[in-house]
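Read the structure below first, then the notes.
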Amino acid sequence: MSNAPAEEIPAEEIDLTEANEIIDKYLTLPGNLMPVLQGIQDAYGFVPKPTIDLVAERLNVYPSQIYGVLTFYAQFHLKPRGKFIIRVCVGTACHVQGAERITETFFGRLGIGHAETTEDLRYTFEKVACLGACGMAPLAMVNDDTYGKMTVQKVDEIIETYNARPMK
């Protein structure tokens with residue numbers, strides 16, 4: 001596993017077939033920009049620049065309007081993200097229970113920092129303000145799986161578990 005942060009994917013490597021199908025699905029729907037962008041993100045894992053240009057052309061909107069939507073809503077991502085999104089809560093309860101140690105251990109094991117993705121696109125790591133489970137502090141999540149009462153040792157177990165899972 002490479003620990004270098006993920007690089008941008010060159011535009012010529014983005015297949016726009018799926019983006020065109022998503023646009024076709026919503027083309028006549030009023031207020032179609034959000035569902036189109038959500039569909040593209042679901043399909044590609046992020047919203048690649050070539051799809052923004054395609055959406056602008058096909059929906060007859062300015063690219064700046066699309067960037068406005070993409071940068072306003074936290075749900076959208078303009079860079080590739082990992083298959084496994086690791087979130088560590090750094091809210092008050094988790095902070096008091098050692099969230100910083102957990103975070104630093106993930107940083108060290110994965111070789112990436114906050115909001116970064118490993119080069120192999122296996123992991124993205126994020127510190128989040130609150131995951132809403134203070135009774136389980138310190139808390140981490142990997143996609144929809146929750147890990148409460150985190151320890152440094154559990155970090156290694158979690159990474160082993162997800163390293164064993166296939167990328168597809």
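Within a 6.0 Å radius of CG in Asp42, other residues, nucleotides and ligands contribute more than 12 heavy atoms. Remark: Arg101 CZ is loosely packed, at most 12 non-hydrogen atoms of other residues, nucleotides or ligands lying under 6.0 Å away.
Ala133 approaches Leu139 most closely through the heavy-atom pair CB-CD2, 3.7 Å. A pairwise comparison of heavy atoms in Pro166 and Lys83 identifies O-CE, 3.1 Å as the closest pair. Looking at every heavy atom in both residues, Pro48 comes nearest to Ile14 through CB-CD1, 3.9 Å. Across all their heavy atoms, Gly39 and Ile22 have their closest contact at O-CD1, 3.3 Å. When every heavy atom of Ala93 is checked against every heavy atom of Cys134, the shortest pair comes out as CB-CB, 3.8 Å.
You'll find the side chain of Val155 reaches within 4.5 Å of the side chain of Arg109, heavy atoms only. Using a 4.5 Å heavy-atom cutoff, the side chains of Thr51 and Phe46 are not in contact. Looking only at side-chain heavy atoms (C-beta outward), His77 and Leu70 stay at 4.5 Å or farther from each other. Taking 4.5 Å as the limit, every side-chain heavy atom of Val90 sits out of range of all side-chain heavy atoms of Val128. Residues Leu110 and Ile86 are in side-chain contact: their nearest non-hydrogen atoms beyond the backbone lie under 4.5 Å apart. Considering only heavy atoms from C-beta on, Tyr67 comes within 4.5 Å of Lys49 through its side chain. In this structure, the side chains of Asn143 and Phe84 come closer than 4.5 Å at one or more pairs of heavy atoms.
Interatomic distance, Leu78 CG to Ile52 CD1, rounded to the nearest 0.5 Å: 5.5 Å. Atoms CG and CG, from Asn32 and Leu27 in turn, are 7.0 Å apart once rounded to the nearest 0.5 Å. Here the CZ atom belonging to Arg122 is positioned 12.5 Å from the CD1 atom belonging to Ile112, to the nearest 0.5 angstrom. We find the CG-CD distance between Leu59 and Gln65 to be 10.5 Å, quoted to the nearest 0.5 Å. From Cys89, atom SG reaches atom CE of Met136 across 11.0 Å, with rounding to the nearest 0.5 Å.
For Phe107 and Phe125, the distance between ring centers is under 6.0 angstrom.
In this structure, a donor-acceptor pair under 3.5 Å is present between the side chains of Gln75 and Gln38. There is a side-chain donor-acceptor pair under 3.5 Å between Tyr162 and Asp145.
For the pair Thr118 (side chain) and Tyr123 (backbone), a donor-acceptor distance under 3.5 Å is present. Panel note: side chain Lys79, backbone Glu116; no donor-acceptor pair is recorded below 3.5 Å. Using modelled atom types, one side-chain atom of Tyr44 and one backbone atom of Ala19 make a donor-acceptor pair closer than 3.5 Å. For the pair Lys154 (side chain) and Ala140 (backbone), a donor-acceptor distance under 3.5 Å is absent.
Among Val152, Thr151, Val88, the one residue that satisfies the side-chain contact (heavy atoms from CB on, under 4.5 Å) test with Thr105 is Val152.
Residues Ile159 and Met141 do not share a hydrophobic cluster, clusters being chains of Ile/Leu/Val/Met/Phe/Trp/Tyr side chains in contact below 4.5 Å. Hydrophobic clustering of Ile, Leu, Val, Met, Phe, Trp and Tyr side chains at less than 4.5 Å, counting indirect connections, unites Phe72 with Val36. In the hydrophobic clustering of this structure, Val96 does not group with Ile102; members are Ile, Leu, Val, Met, Phe, Trp, Tyr whose side-chain heavy atoms approach within less than 4.5 Å, directly or through other members. Neither Ile85 nor Phe76 shares a network with the other; the hydrophobic side chains, linked directly or stepwise wherever heavy atoms of I, L, V, M, F, W or Y lie under 4.5 Å apart, form separate groups for each. Both Ile40 and Leu29 sit in one connected hydrophobic cluster of ILVMFWY residues. Membership requires side-chain heavy atoms under 4.5 Å apart, directly or through other members.
Among pairs with a residue in residues 126-136, those fulfilling side-chain hydrogen bond (donor to acceptor under 3.5 Å, both in side chains) read Arg81-Glu126, Arg87-Glu126, at least two apart in sequence or across chains.
Applying the ring pair (Phe, Tyr, Trp, His ring centres under 6.0 Å) test to Tyr147 and every residue at least two apart in sequence or in another chain returns nothing.
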Subject >> side-chain contact (heavy atoms from CB on, under 4.5 Å) between Ile158 and Met150, worked out >> reply: CA-CA 10 Å; Ile158 288 170; Met150 281 293 299; 3.7 Å; yes

